[in-house]
Number of protein chains: 2
Amino acid sequence: MKKEKPSYLYVKDELVKKIENGDFEVGSKLPSEIKMAKYFNVSRETFRSAVKKLEQEGKVVVKRGVGTFVSSPLSTIPSSLENLWSIGSLIRSAGLKEGEHRESITTVPCKKEWSEKLSCEPQSEVIKHERIRTADGEPVVYSINFLPKKVLGAFFNNENFSGSLLNYLKSNCGISIVRADTELSVPLHTDKYCQKLLIHPSTTVVLLKQLHYDEINRPILYSYDYLRNDVFKFWIRRTLTN
Amino acid sequence: MKKEKPSYLYVKDELVKKIENGDFEVGSKLPSEIKMAKYFNVSRETFRSAVKKLEQEGKVVVKRGVGTFVSSPLSTIPSSLENLWSIGSLIRSAGLKEGEHRESITTVPCKKEWSEKLSCEPQSEVIKHERIRTADGEPVVYSINFLPKKVLGAFFNNENFSGSLLNYLKSNCGISIVRADTELSVPLHTDKYCQKLLIHPSTTVVLLKQLHYDEINRPILYSYDYLRNDVFKFWIRRTLTN
DNA sequence: CAGTGGTCTAGACCACCGC
DNA sequence: CGGTGGTCTAGACCACTGC
């Protein structure tokens with residue numbers, strides 16, 4: 001037996017079907033909430049929950065005192081930046097097969113820039129984790145991660161420390177990274193990490209400086225990720241905030 | 001008399017105050033919804049609406065069957081990319097005063113790349129609008145906008161066609177741009193528009209290719225915006241999607 | 001098992017919009 | 001003014017979590 005889904009989600013899916021099906025034309029007004037609630041045999045609030053979801057997804061526009069209108073479908077955009085993904089899954093979603101990646105792990109004293117972001121003591125011990133990812137034998141990503149030793153606590157274990165860092169943190173330390181504040185920039189050609197990726201004349205490189213947070217917004221991990229722009233595309237869906 | 005705000009927003013603001021005030025510590029569990037609803041003298045659903053808002057803003061974490069927990073405050077990030085702003089307001093928020101901007105407006109036949117994005121006929125008439133923005137006498141932004149003549153309809157008026165394009169569309173054509181799909185990339189040094197901005201050796205340039213939509217997601221405007229990265233910073237708050 | 005959040009209802013009143 | 005969405009209630013039952 002399949003688990004039954006909440007009825008507001010059921011209603012939402014039905015509405016999506018009707019829209020995709022052309023039962024409701026783009027730009028047209030839906031029947032009033034009261035009518036629709038009766039039609040679906042749910043209460044008005046339940047129907048409204050469904051509409052709220054659709055509104056969040058940009059599939060309908062609700063105008064107070066006027067009505068609810070169908071908007072045209074937006075194409076789904078690939079690996080959108082506002083979603084947080086691991087570099088590994090980015091590589092896979094670009095249709096590449098991750099090749100050899102060289103790593104180095106050292107313990108270094110915390111520099112001022114990182115200590116401010118990670119809110120830990122300057123000079124305290126920080127694990128610095130560097131790696132190059134390759135695809136088809138060519139380097140495509142260079143990343144440097146800074147992880148205060150204190151957040152790992154007793155869990156630090158040099159041996160398991162590879163693969164997806166986010167997975168490592170979750171399974172070994174019980175820390176879930178769910179958010180990151182990312183500054184996106186273009187490194188100079190003279191940047192030594194950038195240079196490791198400048199293989200072809202048509203290559204450009206994007207640098208993501210990312211501060212990763214756990215569920216309750218504690219800063220956990222600071223990283224520099226250099227990504228080749230001829231290999232990866234960066235999309236954002238931007239919305240007007242009222 | 002001030003207008004009264006809905007009580008769920010009042011409750012939300014009170015909760016924020018209590019959190020900032022330290023009445024609820026970071027990481028601690030809030031009293032149950034039933035208790036809090038009684039405390040605020042509202043129904044449980046109303047209290048829940050307040051909590052939902054806070055959850056969206058990342059200020060609390062709700063765990064089913066367990067409780068609602070306070071998360072630490074996230075710093076507000078400046079001119080975050082997932083918000084849609086006009087270039088003019090970006091310049092102002094960077095603390096710069098917009099100087100002279102040179103413009104050119106021509107009508108050109110639609111090229112394939114734009115026609116696909118704008119879903120209009122190839123070779124149909126498109127208004128091409130170019131401008132350079134300056135600050136302190138130096139160019140900081142180069143932008144090129146493509147606007148199918150048919151979306152303007154009878155409203156096209158060469159004379160008023162300056163200043164904020166988004167404002168122009170709203171006031172003259174009744175079109176509100178509320179969303180954009182943006183591809184962020186690093187142009188090559190050989191790009192002729194990019195070169196117009198490469199003044200200093202430490203300058204790098206970001207290119208935003210943006211397709212702007214109106215309320216019901218009709219593509220309206222396609223633009224290339226070249227922005228100097230030594231002048232502007234680009235932030236994104238990324239979130240794990242479940 | 002007890003306690004928590006998740007869903008749902010039926011009805012009420014209000015605020016806004018266009019005519 | 002009539003019709004629309006926005007808020008609110010009091011109570012109900014369910015699903016999940018941790019002990």
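No hydrogens, no waters, no symmetry mates; every other heavy atom, side chains included, goes into these values. The sequence lines fix the lettering, A, B, ..., with proteins before strands; numbering per chain opens at 1. Not measured: the values here are computed from a predicted model.
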Provide, to the nearest angstrom, the distance between the [atom1] atom belonging to [X] and the [atom2] atom belonging to [N].
X     : N      : atom1 : atom2 : value
B/L9  : C/dC14 : CG    : P     : 19 Å
A/L54 : D/dG5  : CG    : C1'   : 15 Å
B/K35 : C/dT4  : NZ    : C1'   : 10 Å
A/K5  : C/dT7  : NZ    : P     : 13 Å
A/Y10 : C/dT7  : OH    : C1'   : 17 Å
A/M36 : D/dG5  : CE    : C1'   : 14 Å
B/R48 : D/dT7  : CZ    : P     : 16 Å
B/F69 : C/dG5  : CZ    : C1'   : 11 Å

Inset, instruction - Would you kindly say whether A/S43 and A/T46 are connected by a side-chain donor-acceptor distance under 3.5 Å? - result: yes
Inset, instruction - Ignoring hydrogens and angles, state whether a donor on the side chain of A/D181 or A/Q210 is under 3.5 Å from an acceptor on the partner side chain. - result: no
Legend entry - Sub-4.5 Å side-chain heavy-atom contact between A/R131 and A/H129: yes
Inset, instruction - Indicate yes or no: at least one non-hydrogen side-chain atom of A/F234 is less than 4.5 angstrom from one of A/V206. - result: yes
Legend entry - Lys NZ or Arg CZ of A/R92 over A/W85 ring: under 6.0 Å, within 45°: no
Legend entry - Residue closer to the 5' end of DNA chain D, A/K52 versus A/G67 (nearest nucleotide): A/G67
Inset, instruction - Determine, for nucleotides 9-14 of chain D in 5'-to-3' order, which nucleotides have protein heavy atoms under 4.0 Å from the base (write B), from only the sugar-phosphate (write S), or from neither (write -). - result: BB-B--
Inset, instruction - With B/R48 as reference, evaluate B/M36, B/E33, B/K53 under the side-chain contact (heavy atoms from CB on, under 4.5 Å) test and give the passing residue. - result: B/E33
Inset, instruction - Give one of base, sugar-phosphate or nothing for B/T68, where a contact means two heavy atoms less than 4.0 Å apart. - result: sugar-phosphate
Inset, instruction - Please state whether the rings of B/Y224 and B/Y222 are parallel, tilted or perpendicular, taking 30° and 60° as the class boundaries. - result: perpendicular
Legend entry - Side chain of A/V62 (C-beta onward), nearest among C/dT4, D/dG6, C/dC8: D/dG6
